[in-house]
2 protein chains.
Amino acid sequence: MNSINVKALAEQLLGPYAEIRKASRARAADPQLQRDPAWSMDEHREQVLRQLKVLVDQKAVQRAFPKKFGGLDDHGSSIAAFVELVAADPSLQIKAGVQWGLFAGAIMHLGTEEHHAKWLPGAMNLDVPGAFAMTEIGHGSDVAAVATTATYDPETEEFVIHTPFAAAWKEFLGNAALHGTAATVFAQLITNGVNHGVHCFYVPIRNEDGSFVEGVGGEDDGLKGGLNGIDNGRLHFTNVRIPRTNLLNRYGDVAADGSYSSPISSPGRRFFTMLGTLVQGRVSLDGAATGASKMALQIAVTYGNQRRQFNSVSDTEETTILDYQRHQRRLITRMARTYAASFAHDELLSKFDAVFSGREDTDEDRQDLETLAAALKPLSTWDALDTIQESREACGGSGYIAKNRFTQLYQDLDVYVTFEGDNNVLLQLVGKRLLTDYAAEFRKLDTGAMARYVAKQVGTTALYRSGLRSVGQAFVDVSDERKSANFFKDPANQRELLTDRVNAKVAEVANALRAAGKDKVKGAKAFNENQDLLISAARDHGQLLRWEAFTAALTKVEDPTTAEVLTWLRDVFALSLIEDDLGWFLAHGRLSMQRARTLPGYLNRLLDRLRPHAQDLVDAFGYTQEHLRAEISTGIEATRQDEAMEYFRKLRASDNAPVSEKSLKKSKA
Amino acid sequence: MNSINVKALAEQLLGPYAEIRKASRARAADPQLQRDPAWSMDEHREQVLRQLKVLVDQKAVQRAFPKKFGGLDDHGSSIAAFVELVAADPSLQIKAGVQWGLFAGAIMHLGTEEHHAKWLPGAMNLDVPGAFAMTEIGHGSDVAAVATTATYDPETEEFVIHTPFAAAWKEFLGNAALHGTAATVFAQLITNGVNHGVHCFYVPIRNEDGSFVEGVGGEDDGLKGGLNGIDNGRLHFTNVRIPRTNLLNRYGDVAADGSYSSPISSPGRRFFTMLGTLVQGRVSLDGAATGASKMALQIAVTYGNQRRQFNSVSDTEETTILDYQRHQRRLITRMARTYAASFAHDELLSKFDAVFSGREDTDEDRQDLETLAAALKPLSTWDALDTIQESREACGGSGYIAKNRFTQLYQDLDVYVTFEGDNNVLLQLVGKRLLTDYAAEFRKLDTGAMARYVAKQVGTTALYRSGLRSVGQAFVDVSDERKSANFFKDPANQRELLTDRVNAKVAEVANALRAAGKDKVKGAKAFNENQDLLISAARDHGQLLRWEAFTAALTKVEDPTTAEVLTWLRDVFALSLIEDDLGWFLAHGRLSMQRARTLPGYLNRLLDRLRPHAQDLVDAFGYTQEHLRAEISTGIEATRQDEAMEYFRKLRASDNAPVSEKSLKKSKA
């Protein structure tokens with residue numbers, strides 16, 4: 001059997017910022033930035049604050065900021081670097097994200113020059129730890145509805161920040177419970193009796209001695225399911241006065257006399273433009289979640305390749321557990337999905353960099369970026385939980401011991417599915433975008449969805465155009481197993497099935513909404529009656545984007561064995577998706593019954609073919625023992641199994657090996 | 001709208017041991033038996049040990065033991081009582097299970113009178129905390145392969161307990177790291193050069209000062225993903241000598257001269273008989289996991305019924321989140337499944353009691369009990385993780401705060417899918433049983449599978465016999481939506497679809513194995529190539545058992561509204577199962593395309609119909625705030641939402657309400 005080129009594949013998996021990622025992984029391998037599982041919550045919080053200072057000292061945090069403040073104006077690579085910190089400790093990654101992505105990011109993206117000069121240096125060097133006060137207890141992902149008010153008082157030229165009721169308390173804010181001395185607060189801007197919608201304000205919240213400034217109050221969120229290195233908390237404001245100039249006024253300003261002005265006339269568009277600068281959070285979570293999945297799989301596959309259990313084939317040798325079909329189903333399908341997520345993340349990051357660098361910065365580019373991030377972040381964060389959990393279970397009781405890493409990764413990653421936009425809410429946004437695009441978009445069946453978003457990287461589209469087949473053909477075909485396999489492994493068919501599924505589901509929702517007419521209540525009812533279907537279409541759309549990214553990545557593989565193995569892996573990804581939703585494909589005439597019946601068997605054969613490459617495929621993720629920090633990934637299990645086998649070999653060779661009662665009875669019979 | 005009778009339903013849900021459960025729930029509501037989330041691992045371990053002593057003082061642990069030791073010989077009710085402790089703290093439930101279910105249980109079930117007299121009192125009153133030393137690092141769920149040896153030495157009339165290599169260390173044992181002073185150790189019994197297979201030995205492991213006795217060593221497993229109130233650890237033995245009479249000799253004995261005798265001549269049957277006495281662990285986990293699912297749902301539905309987000313219908317009022325279709329899909333389908341699990345657990349517990357009381361104690365009864373437990377425990381423990389996680393996500397960020405309970409429940413319940421038999425291994429056992437029964441069983445299509453196991457509780461079978469329809473009819477039927485709905489809601493059709501699915505999958509595996517012939521290697525290969533399918537058949541079998549238990553429970557509901565609502569809920573359970581595996585039903589001609597296409601919509605309509613009853617349905621689970629201990633289940637969210645709505649109502653009525661820029665622009669236009 002030929003082996004794949006692990007080194008080249010590892011390099012490809014590092015994506016467009018390979019060197020940056022390597023440097024950040026080297027940093028994450030340093031114990032001083034890692035978590036000690038024995039830390040209490042209080043200690044963990046202090047240690048992560050200390051670690052943030054180490055990042056400042058190592059000049060590891062400035063990349064995305066303007067050159068005049070010592071940065072590089074380099075957005076894509078900044079995210080690539082931060083994302084890799086998840087291997088050190090997700091708390092570190094997220095607290096860094098709060099400080100430099102959200103708090104300093106709000107100053108940079110929503111503020112103007114004066115704000116940058118005044119507040120960026122302190123935010124960058126951690127002199128001013130800051131909270132990002134957007135979410136409210138009662139409004140979660142519905143940011144437009146935040147109830148905190150910022151009312152302009154022309155008498156004193158101040159904004160009055162106020163929390164009108166308990167549901168408007170700012171909630172779940174990192175840095176709010178302990179360390180934050182300032183906050184970027186999102187509130188309804190009211191001046192001259194008009195509410196101009198949500199704007200962001202810079203508000204000092206703590207005095208030098210750590211006490212709250214007058215009018216500010218708060219609570220510690222206390223122990224969480226994970227991420228306990230971050231001091232999340234609540235804040236509320238009672239008529240807190242701040243200077244007029246503390247409004248981060250890039251997209252909306254109030255003059256001394258109280259008159260409002262904005263470069264964006266539509267309040268709706270203005271709101272989404274302001275929020276759009278925060279897309280980097282979703283991009284980061286997509287990357288970090290994919291990294292966590294990779295680590296979990298690297299540990300679990302390593303163990304599954306060493307651990308033996310039950311002597312099903314031989315009397316003297318137990319079977320390596322990764323040889324069991326069920327184990328391959330559990331791990332190799334998730335490996336395929338993680339590869340797809342990794343390639344898709346690279347494209348997302350490239351798109352993000354194109355927009356934030358200004359290279360491709362039209363309204364449409366920004367909307368495409370947001371849709372792409374909103375489609376991928378839910379999939380990768382849910383997949384991380386599923387992959388970590390399955391990996392932990394695949395390692396049995398050992399998976400449950402904290403020193404084997406899975407449970408802590410799970411606990412920390414858990415909330416990734418909720419913050420920076422709840423996954424279901426994000427998918428609904430994607431669904432709405434799909435509906436909006438429906439008329440224009442879905443007539444052009446041969447345009448790749450990912451290609452549309454990553455416009456400059458097309459080229460792959462032509463690959464498929466020629467291969468397109470009418471869906472009808474598949475249905476009447478009464479072929480044998482081999483013909484079925486040929487059908488399923490043809491990327492043109494995979495692509496068509498996956499594309500068609502999105503289109504058909506969106507069309508079904510669109511038709512239902514059209515039938516409901518213009519009446520608002522009826523329309524809302526019809527929308528709700530199709531909500532589950534629309535969210536499922538959005539999920540399918542995200543999977544299609546991943547499939548396209550995976551397929552595009554195949555063209556970049558040079559080594560033929562690697563290309564062949566990765567093609568099988570892409571097929572596993574595609575066919576798992578189809579198998580998971582087989583009922584839809586059959587009920588809607590996209591697959592014949594005969595084809596559908598052969599699918600599980602073909603998938604099983606692909607898994608069996610991939611099995612000898614499983615270790616190489618996870619080794620290519622490139623994490624070292626310093627990152628994995630799981631006892632069972634060190635080879636300890638192989639040592640134990642070898643010792644046991646040697647013991648039994650010697651025993652069998654010796655004269656005093658006990659015979660079993662069972663065999664004794666057999667020989668007597 | 002008529003309401004259901006919550007009180008009567010709550011009583012029904014408490015099952016055959018309602019009064020015992022109520023008493024145990026009252027105990028679980030007592031703070032002295034509950035966990036303080038702030039405890040460190042060390043403190044948590046000491047507190048749980050203290051709590052076990054409280055249970056002894058309250059005489060809460062003796063029920064299952066012989067009357068002569070102050071017990072009641074009452075096995076079913078004993079489990080019902082222990083299971084409810086999960087509401088206090090899963091660590092307490094499991095450590096109690098280790099002490100009284102496993103350690104004392106092994107003495108009781110595997111030992112004889114002399115052992116009972118010598119060791120039961122200390123095990124019962126906790127003078128001797130004990131470990132149950134079965135699992136080994138290298139052998140997990142493959143208990144027959146444990147490598148620890150107990151070699152009889154006729155010279156001294158002692159057994160020599162020995163660990164031959166590292167993979168044979170006993171592992172994950174509760175009470176082993178700190179508190180245990182003795183252990184019931186499972187080892188290969190060797191006497192006169194013959195290995196008689198796995199037997200259980202009583203072995204002192206610690207001296208009075210807490211140090212290990214000579215020859216015994218061990219390690220602390222340290223921090224785990226959860227259940228940190230239990231001191232799990234590893235043990236190993238270096239030629240540790242124990243008296244011959246420390247062999248728990250109910251099923252196999254060694255005389256002073258070393259000759260072996262057993263009341264069970266087949267070594268295989270002997271092994272399974274010994275192990276069979278441990279089925280209570282699986283029964284307990286099934287009940288506890290179902291209890292945890294109930295608690296999670298009671299919290300999440302209460303919150304979902306109060307929390308509002310996005311004003312999709314009205315300009316002034318936000319929508320209650322449980323009114324969203326997606327939210328109903330997330331919670332109400334899981335509620336249906338939890339009801340099914342609850343009713344199935346009651347039947348499992350009744351069967352368990354029948355066998356352990358000796359009322360129905362044939363070999364076949366015992367095997368049926370084991371198959372039933374092995375089928376239900378995997379489903380309910382996996383479902384608990386899925387239900388707790390979905391509930392936590394459905395409560396957004398609040399779900400992630402420890403004081404809202406979900407994350408701790410998840411972390412503790414995580415390992416329930418692994419211990420007492422890994423879920424996949426258990427389902428494979430069930431699958432093998434299904435294969436064994438294939439020829440005899442699956443020709444009788446009209447015998448209920450659950451009814452077969454719970455033989456004395458039949459009576460429901462007749463219900464369906466008359467309703468049976470040929471599968472073929474459904475396929476040619478080109479009916480409208482209403483006809484489809486009528487088809488899906490007919491319990492005879494549900495039953496037939498679910499039964500037929502198990503039969504067909506088992507038949508497929510059986511045919512593949514038959515084709516492979518008698519060759520051992522070919523047979524093992526064929527088995528492995530069908531492993532995933534067989535495990536899926538076993539899972540389907542478990543779901544069928546649940547469906548039958550749910551359907552049987554419907555006949556016991558007296559109040560007509562309750563009966564109607566529960567019937568919808570049973571339909572949701574059945575149709576969710578069919579929807580989840582829709583591809584199989586279509587590919588194998590059990591459903592027509594038209595029927596399949598109408599299924600999701602019909603399911604959605606059922607959810608909408610159940611939605612007004614959702615709160616009642618979780619309230620019937622009967623947990624109080626003392627059990628739930630989640631801030632968001634207390635009504636705090638309703639208070640917050642009411643305050644906010646009142647604020648806006650007053651604001652709208654006042655003269656100085658700001659107008660929005662958006663509406664201003666609209667009115668100008």
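This one's a predicted model, so the numbers in the text were calculated from it and none came from an experiment.
A donor-acceptor contact shorter than 3.5 Å links the side chain of Asn528(B) to the backbone of Gln325(A). Looking only at distances, a side-chain donor or acceptor of Lys665(A) sits under 3.5 Å from a matching main-chain atom of Ser265(B). Side-chain atoms of Gln531(A) do not come within 3.5 Å of backbone N or O of His327(B) as any donor-acceptor pair. Under the 3.5 Å distance criterion, the side-chain polar atoms of Asp414(B) are left unmatched by any main-chain donor or acceptor of Tyr400(A).
Neither the backbone nor the side chain of Trp39(B) comes within contact range of chain A, judged by heavy atoms closer than 4.5 Å. For Arg405(B), no part lies near chain A; criterion is any non-hydrogen pair under 4.5 Å. Both the backbone and the side chain of Ser398(B) have a heavy atom closer than 4.5 Å to some heavy atom of chain A. Residue Ser141(B) touches chain A through both its backbone and its side chain, counting heavy-atom pairs closer than 4.5 Å. In this structure, chain A has a heavy atom under 4.5 Å from the side chain of Phe172(B), while its backbone stays farther away. Looking at Phe585(B), there are no atoms closer than 4.5 Å to chain A (heavy atoms on both sides), in backbone or side chain. Looking at Leu227(B), both its backbone and its side chain come within 4.5 Å of chain A, counting heavy atoms on both sides. Both the backbone and the side chain of Ile137(B) come within less than 4.5 Å of a heavy atom in chain A. Heavy atoms closer than 4.5 Å to chain A are found nowhere in Gln328(B), neither backbone nor side chain. At a 4.5 Å heavy-atom cutoff, the contact between Ser660(B) and chain A is made by backbone and side-chain atoms alike. Residue contact with chain A, scored on non-hydrogen atoms closer than 4.5 Å, is absent for Glu579(B). Neither the backbone nor the side chain of Asp608(B) has a heavy atom closer than 4.5 Å to any heavy atom of chain A. Proximity to chain A is absent for every atom of Glu508(B), based on heavy atoms less than 4.5 angstrom apart. Both the backbone and the side chain of Arg326(B) come within less than 4.5 Å of a heavy atom of chain A.
For an aromatic pair to be called close, the ring centres must be under 6.0 Å apart, and Phe648(B) with Phe165(A) satisfies this.
Note that CG of Leu223(A) is 11.0 Å distant from NZ of Lys403(B), once rounded to the nearest 0.5 Å.
Closest approach of Pro164(B) to Glu643(A), counting heavy atoms only: O-OE2, 4.3 Å. When all heavy atoms of Glu318(A) and Ala145(B) are compared, the pair lying nearest together is OE2-CB, 3.9 Å. Heavy atoms only, all atoms of each residue included: Leu385(A) and Glu393(B) are closest at CD1-OE2, 4.1 Å.
Under the 4.0 Å criterion applied to side-chain N and carboxylate O atoms, Glu136(B) and Arg640(A) are not assigned as salt-bridge partners.
Note on ring orientation: taking the six-membered ring where Trp is involved, the planes of Tyr410(A) and Tyr410(B) are parallel (angle under 30°, cut-offs 30° and 60°).
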